[in-house]
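Just so it is clear, the structure is predicted and the values come from calculations on it, not from any experiment.
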Amino acid sequence: MENIFVNAAGGIRNLLESAGLPSLVVDISIMTTIFVAILVFVLLNVLWLVYMERKVSAYIQCRIGPNRVGPMGIFQTIADTVKLISKEIIIPKNTNKKLFLLAPVMIFMPPMAVFAVTPFGKGMVALDLNIGVYYFVALASLSTVVIWMAGWTSNNKYSLLGSMRVVAQMVSYEVPLLLSIVGVVLLTGTMNLTGIITAQQSVWMIFLQPVAFLIYLIAAVAETNRTPFDLVEGESEIITGPFTEYSGMGFAFFFLAEYANVLLVSMLASILFLGGWLAPFGLTFIPSWIWLLLKVYLVIFLLMWFRWTYPRTRIDQMMAFCWKVLVPLAIVNIFVTGIGKYLYESVRW
Amino acid sequence: MKTQEMLINVGPQHPSTHGVFRVVLTLDGETVVKANSVPGYLHRGIEKILESRTYPQVLPYTDRLDYLAGLLMNWGYVNAMEELMDTEVPERAEHIRVIMGELQRIASHLVATAAYSGDVGGLTGFIYCFRDREDIMDMIEMVSGARLTPSYMRIGGVAADLPDGFLEKCQKFIDYLPTAIEEYNGLITGNEIFQHRTKKVAPITAERAINMSLSGPILRASGVNYDLRKARPYSIYDRFEFDVPLGSNGDCFDRFYLRVLEMTESARIIRQALDKLPDGPINAKVPKIIKPAVGEAYAEIESSKGIMGVYVVSDGSTKPYRIHFRRPSFINLGHFDELIQGWKIADVIAILGSFDIVLGEVDC
Amino acid sequence: MTVQTISEVKSEIIAKYPQIELSEAGHFFVPVNQLADIMLDLKVSFGFDFLTNVTAVDYLEHFNVVYNLSKTTAPDMLHIITKVDRKEPQVPSMVSIWGGAIWQEREAYDLLGIIFTGHPNLKRILLDDSWEEHPLRRDFQWEGGRD
Amino acid sequence: MFGKGLLKGLKITIGRFFGKKSTVQYPEERLPLPDRFYGKPDFHYDKCIACNLCVNACPNKVIKLGTETVEKKKVVTGYHFDQQYCLFCGLCEEACPTDAIKFTKDFELTTYDRDTIGIEFVKQGQIDKKIKEVKQAAAEKAAAAEKAAAEKAAAETKSQTEEADKAETTNKEGGA
């Protein structure tokens with residue numbers, strides 16, 4: 001069980017090599033297989049997350065939620081997707097058609113690209129980049145541009161307001177997110193995600209960096225545009241913000257991309273703070289990738305729980321909270337971490 | 001660099017204008033510079049329709065004014081008719097009216113609480129309030145046969161006596177209500193994000209509130225103790241013990257929280273009315289064909305949104321010459337344009353929610 | 001201060017303004033040319049600070065514009081009627097005295113065509129701006145509907 | 001302390017997450033409807049006395065009652081209920097002296113087109129039967145009346161003769 005995916009990849013490689021193919025072709029086909037596998041993994045998870053969100057919200061609200069399509073309504077998202085695919089894509093007048101249609105396609109790119117460097121289990125990483133954290137921070141913020149693109153080309157004032165908010169919010173919350181990760185990087189001394197996980201062998205980062213975890217969590221909620229920071233969509237104020245004019249599959253892409261982002265930030269939270277695929281209490285008979293999934297879903301549940309409990313903040317309050325509370329707190333955290341590390345090391349030697 | 005003001009049209013199709021209300025905002029960034037309300041998208045000409053209806057036939061149309069408080073609208077009309085005709089309503093009927101009216105008030109305030117929670121983005125609070133409102137709707141259905149449009153009151157009494165099992169059900173609900181209110185307070189009122197969103201937002205001073213003829217929870221949130229049930233008791237409200245909750249700042253939070261407090265007071269009134277409920281007839285002796293003498297009457301009751309007044313002019317025939325409704329939401333909204341200037345677009349929704357308008361009533 | 005009953009208040013008002021006619025039902029009939037002054041005095045000297053209701057009735061020969069005033073401190077209410085010529089229905093606006101009249105007067109203008117002089121924004125409120133008639137007038141003709 | 005309210009909210013929602021659900025799965029499960037529920041109207045042909053009270057009570061002119069006078073008796077020939085305009089206020093039910101119009105608990109009133117939403121309660125068979133009954137009753141009554149009249153006439157002639165006899169006797173007596 002533990003090495004089922006690693007062994008499968010090795011098996012394919014052996015098979016291709018024994019067929020006498022040149023090593024470049026073998027590498028390319030192995031990479032392609034891995035990326036397809038990641039894509040399938042992400043899409044399946046996203047579909048499941050949509051279903052899960054509906055179920056969690058329903059249970060919190062004393063309801064049952066989807067229960068008609070399949071057992072417990074488990075195929076509801078598939079039915080919805082089929083419906084959305086079959087719907088007409090309406091393009092508003094006086095828009096830049098190419099950009100308008102490009103935005104929903106592009107929205108999946110940043111999260112998908114980041115998944116390339118995330119370790120899914122022991123030895124299960126497509127690209128073991130030594131600056132994984134840096135890569136994540138650099139790429140994740142790209143979705144701002146895509147959402148801004150969608151809002152601007154929609155030629156709708158609500159979309160414009162929404163995309164203005166996106167830029168303001170994402171750019172601001174990028175800062176505390178980054179600063180909270182710096183604490184972890186300081187302690188582990190590496191930017192490689194696998195390295196960060198193995199550095200947590202003795203103790204998880206959440207116990208060494210509780211403040212950083214809290215800041216990361218709050219910033220992650222803001223980065224994924226979820227309540228209490230879902231001002232971008234803010235359906236009671238600006239309809240659905242930048243996505244107001246999208247219909248059919250265009251809308252579905254944005255919708256699904258939100259969950260891909262949720263998956264991504266939760267995965268990083270578990271990698272950076274919850275020990276990634278490390279098994280707690282020595283329960284190693286459960287495969288590492290299952291442990292990672294369990295942790296990821298714990299964080300996702302936390303995000304959903306927040307969403308269905310809290311109201312939305314106002315734009316000025318949200319920005320004030322970011323710059324006046326989170327950023328100073330994160331900087332203080334870095335200082336404390338640095339001093340702590342220095343003291344700890346000087347005591348040891 | 002040059003900035004430009006933006007004209008944005010909120011409504012009539014917008015998720016949180018509580019119906020088909022429309023307001024044209026001039027925005028500077030996200031801040032409102034100028035606002036222009038445009039009601040009337042639900043105007044059905046009820047006052048004109050009623051010119052060709054007989055007096056009892058007016059009743060079902062009053063349900064459709066404030067459709068979240070149909071019984072109170074019924075009451076407003078029959079109250080004016082009883083003043084016009086000098087009818088004495090039997091004791092039991094008055095008690096039933098108080099019980100049903102206060103239940104309806106709780107239901108209406110529950111919707112206001114729910115919608116407000118939804119307006120600031122907390123959908124779970126919305127569902128919780130609606131879950132508990134369902135019990136009241138069941139009771140109203142049990143008594144009148146319809147949930148939203150009860151048409152239950154009659155000139156000189158009520159349509160039918162309380163059915164078996166109602167009293168127990170009502171008692172049970174009143175006993176349950178405090179736990180429900182505690183839940184709302186925990187989830188909505190006590191939430192810091194919610195408080196930041198609503199406190200100190202769009203305060204109205206007491207003088208301004210009186211000058212703009214605001215009424216109901218909005219007026220009382222500014223600290224003006226003017227509740228018709230106490231100030232000018234109609235029906236049998238002078239016999240019950242209850243307090244009029246008052247706000248101090250007149251901001252969105254006070255307007256919201258006042259409704260939660262009023263629910264408790266309504267429950268208190270219902271409890272007393274249930275204890276005192278006498279036996280006896282439920283209808284006064286009213287002629288079969290209602291023909292009031294030539295004259296006119298204006299009477300007011302305290303509806304859940306504010307002062308509901310009905311002005312009836314009789315020309316001595318079976319049909320009213322003119323009926324005018326003083327609809328609280330309509331008059332309260334008159335202050336809206338002025339109030340939202342200088343606030344953010346998110347606040348506009350919060351302020352509108354705190355006004356608790358029902359478009360059936362605004363547009364009539 | 002002694003508490004006055006509503007009838008005492010009414011007789012005091014009548015004593016001050018003999019031009020007001022008191023009907024049997026206790027309604028005040030105020031001539032339209034003195035309406036603004038009397039209303040202002042009712043607010044300032046008699047403490048009627050709350051304008052509850054403004055409406056109008058069409059009697060085919062004339063309009064009755066009806067005002068209901070009350071106090072937030074006492075249960076008193078006044079029912080004031082002023083007769084307006086039907087050909088030139090002009091009434092002074094109460095917006096400068098009670099801001100609450102702002103939408104009610106617009107409604108009366110919209111539905112009955114009474115012109116409130118001095119109103120800051122006398123436009124149609126419920127009906128569309130392109131509408132031409134005033135539907136609550138008794139001679140309003142329309143097509144369709146249920147009757 | 002800041003954050004207390006936030007935590008309390010989380011506690012409430014997690015409690016509800018594991019708590020009892022309060023929804024009803026509609027087509028399979030249904031809530032009981034109270035007896036007074038105003039659903040689809042129902043009309044009892046035999047109870048109707050064609051008094052027109054319900055037509056006059058209706059605020060929205062929903063009911064059209066057709067009557068025909070057969071043998072001096074009003075027979076209902078049509079009772080059209082234009083359901084799309086019904087306000088479900090129950091004023092017709094209240095006005096009816098014989099409970100001929102009643103509201104049932106059926107609330108699923110949607111139809112696919114406008115033509116089928118109005119209900120014509122009276123069937124031709126019912127009218128024919130009623131007219132026949134009325135005619136029969138009238139005929140019976142007429143026959144009975146005839147019989148009675150004949151009997152009466154007979155009795156009258158008899159009494160007349162008796163009276164005449166009496167008169168005669170009195171006259172005779174008087175004369176005597």
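The nearest pair of heavy atoms linking A/Arg63 to D/Lys21 is O-CD, 2.9 Å. For A/Ile60 against D/Arg16, the heavy-atom pair with the smallest separation is O-CB, 3.3 Å. Listed here is the closest heavy atom pair of A/Tyr310 and D/Leu7: OH-N, 4.3 Å.
Within 6.0 Å of CZ in D/Phe88 there are more than 12 heavy atoms belonging to other residues, nucleotides or ligands. Other residues, nucleotides and ligands contribute only 12 or fewer heavy atoms inside 6.0 Å of the NZ atom of D/Lys141. Residue-environment remark: CD (D/Glu146) stays at or below the threshold of 12 foreign heavy atoms within 6.0 Å. Remark: D/Lys11 NZ is loosely packed, at most 12 non-hydrogen atoms of other residues, nucleotides or ligands lying under 6.0 Å away. Crowding of D/Arg30 atom CZ: a count of heavy atoms from other residues, nucleotides or ligands under 6.0 Å exceeding 12.
Heavy atoms of D/Ile12 lying under 4.5 Å from chain A are absent altogether.
Aromatic ring orientation, A/Tyr59 versus D/Phe17: tilted (interplanar angle from 30° to 60°).
Residues A/Trp308 and D/Thr13 bring no donor and acceptor atom of their side chains to less than 3.5 Å of each other.
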